[in-house]
Amino acid sequence: MPELPEVEMARMLVQDRLNGKRVASLQVKDHKMLTNGSERTMREAFIGRSVGDAHRHGKNLLVRIGDDHLFIHLGMSGSLHLVDDRETTPHERLRLGLDEGALVLDDPRRFGRFGLYHRLEDLLTERDLGPDALTMSDKVFVSQMAGRRGSIKPLLLDQSLIAGVGNLYADETLFQEHLHPATKADTIPEANMARLGKRVRKVLEASISVRTEFSRLPEGFLLRDRREGAACPRCSTELAAIRIGGRTTILCPECQSLRTKP
DNA sequence: GTTTTTGTTTAAAG
DNA sequence: TCTTTAAACAAAAA
Ligand SMILES: [Zn+2]
């Protein structure tokens with residue numbers, strides 16, 4: 001469950017249920033997913049300390065524990081669960097034991113990552129992350145896109161430009177802005193680019209406000225039925241599937257026209 | 001058996 | 001230096 005709104009759900013879970021609890025144990029179940037620090041340094045930093053605030057930057061989760069942070073990225077199929085002491089999940093990759101219960105990272109595909117970071121700034125530098133897509137200003141968005149000549153969708157997906165937008169929300173955003181995903185960024189007027197930045201935030205906020213349950217999104221949202229052959233919520237034309245930046249892209253051929261050739 | 005997938009990283013080529 | 005494409009990672013669902 002892994003784009004910005006889904007990670008925000010995970011952040012809220014940790015913030016609401018783990019804050020103030022003491023860490024009793026830590027087990028790395030998959031060492032290939034450990035990306036910064038080691039099991040030993042994580043244990044030294046976290047065990048016996050209490051959990052502080054949970055932060056999110058883009059799709060990255062940082063949980064303050066003692067004087068350091070536990071870093072978690074959910075990858076393509078990761079999810080966080082609070083479980084009882086003896087309970088496990090089918091694909092447990094990291095287990096953070098508390099005095100009572102545990103926080104488990106479950107991830108069947110193992111594209112997720114976790115580790116130890118001292119500060120948020122270290123994470124941003126190390127992983128080359130741009131400004132957070134939910135909290136950025138229009139101005140920042142415009143300046144991040146300035147000078148780029150590639151297609152707009154891959155730019156939205158580039159975490160070093162804007163952190164947090166993934167394949168699904170990129171499609172939703174471009175659909176709502178009537179923009180073809182292959183539109184070259186340098187052909188988009190500045191005012192329209194600012195509107196696009198605003199739309200990115202709106203879409204992410206809308207998903208968060210329905211706890212990322214797509215069926216509860218307002219009418220007119222592509223994500224309610226994002227499928228090749230489904231009816232465009234706006235004009236009922238059959239939605240098309242194309243490939244852009246190596247990712248499957250669903251769009252309405254009528255609403256999202258391309259003025260110039262891609 | 002084949003294809004596809006809410007992500008990221010690396011290499012290669014233009 | 002920038003852009004584009006492909007592959008790799010790995011598992012499960014269609
Ligand atoms: Zn349409």
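The figures that follow rest on heavy atoms only: side chains count, while hydrogens, waters and symmetry mates do not. Each chain gets a letter, A, B and so on, in the order the sequences are listed, and its residues count up from 1. What you are looking at is a predicted structure, and each value in this text was computed from that prediction instead of being measured.
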Return the value, rounded to whole Å, for the distance between atom CD of A/Glu6 and atom C1' of B/dT6.
-> 6 Å
Out of C/dC2, C/dA12, B/dG7, which nucleotide sits closest to the side chain of A/Asn167?
-> B/dG7
Quick one: label A/Gly166 by what it contacts on the DNA or RNA (base, sugar-phosphate, nothing), any heavy atom closer than 4.0 Å.
-> sugar-phosphate
Among C/dA10, B/dT6, C/dT4, find the nucleotide with the atom closest to the side chain of A/Ser151.
-> C/dT4
Touch check for A/Arg113, heavy atoms < 4.0 angstrom, all strands: base, sugar-phosphate only, or nothing?
-> nothing
Report yes or no: is the ring centroid of A/Tyr169 under 5.5 Å from the six-membered base ring centroid of B/dT6, with the two planes under 30 degrees?
-> no
Between CD1 of A/Ile244 and P of C/dT5 the distance, given in whole Å, is 9 Å
Between B/dT5, C/dC2, B/dG7, which one does the side chain of A/Thr248 approach most closely?
-> B/dT5
Candidate pair A/Thr249 and A/Arg243, rule side-chain hydrogen bond (donor to acceptor under 3.5 Å, both in side chains), full reasoning = CA-CA 6 Å; A/Thr249 301; A/Arg243 207 156 180 86; over 6 Å; no
Nearest 0.5 Å, what's the CG-CG distance between A/Leu222 and A/Leu168?
-> 8.5 Å
A/Lys32 side chain near C/dA10 phosphate (N/O to OP1/OP2, under 4.0 Å) | yes
Distance in angstrom units between A/Asp107 CG and C/dA11 C1', rounded | 9 Å
A/Arg127 CZ to B/dT9 C1', straight-line distance once rounded to whole Å | 10 Å
Using the P atom in both, what is the distance from C/dT1 to B/dT8, to the nearest Å?
-> 24 Å
Is the distance from OP1 or OP2 of B/dG7 to the nearest side-chain N or O of A/Lys59 less than 4.0 Å?
-> yes
Out of B/dT9, C/dA11, C/dA10, which nucleotide sits closest to the side chain of A/His91?
-> C/dA11
How many Å lie between CE on A/Met76 and C1' on C/dA13, as a whole number?
-> 13 Å
Quiz item: cation-pi between A/Arg234 and A/Phe175, 6.0 Å / 45° = yes
May I ask you to say whether A/Lys184 pairs ionically with A/Asp186, meaning some side-chain N is under 4.0 Å from a carboxylate O?
-> no
Nearest-neighbour nucleotide for the A/Pro108 side chain, B/dT8, B/dT6, C/dA12 considered = C/dA12
Could you please name the option among B/dT9, B/dT5, C/dC2 that lies closest to any side-chain atom of A/Arg243?
-> B/dT5
Does B/dA13 pair with anything, Watson-Crick or G-U wobble, both distances under 3.5 Å, and if so, with which nucleotide?
-> C/dT3
Whole-Å distance separating the CD atom of A/Glu213 from the P atom of B/dT6 | 20 Å
Is A/Arg247 near enough to B/dG7 that one of its side-chain N or O atoms lies under 4.0 angstrom from OP1 or OP2?
-> yes
Are any of A/Gln159's side-chain N or O atoms less than 4.0 Å away from OP1 or OP2 of B/dG7?
-> no
Look at all strands and tell whether A/Arg109 reaches a base, only sugar-phosphate, or nothing, counting heavy atoms closer than 4.0 Å.
-> base
Within less than 4.0 Å of OP1 or OP2 of B/dT8, is there a side-chain N or O belonging to A/His73?
-> yes
To the nearest 0.5 Å, what is the distance between CZ (A/Phe71) and CG (A/Asn60)?
-> 5.0 Å
Atom pair distance, as rounded to whole Å: NZ in A/Lys153 and P in C/dT5 = 13 Å
Spacing between A/Arg148 atom CZ and C/dC2 atom P, to the nearest angstrom | 6 Å
Look through every strand shown and name the nucleotide pairing with B/dG1 as Watson-Crick or G-U wobble, where both distances are under 3.5 Å.
-> none
Could you work out which one of C/dA11, B/dG7, B/dT6 sits closest to the side chain of A/Leu168?
-> B/dT6
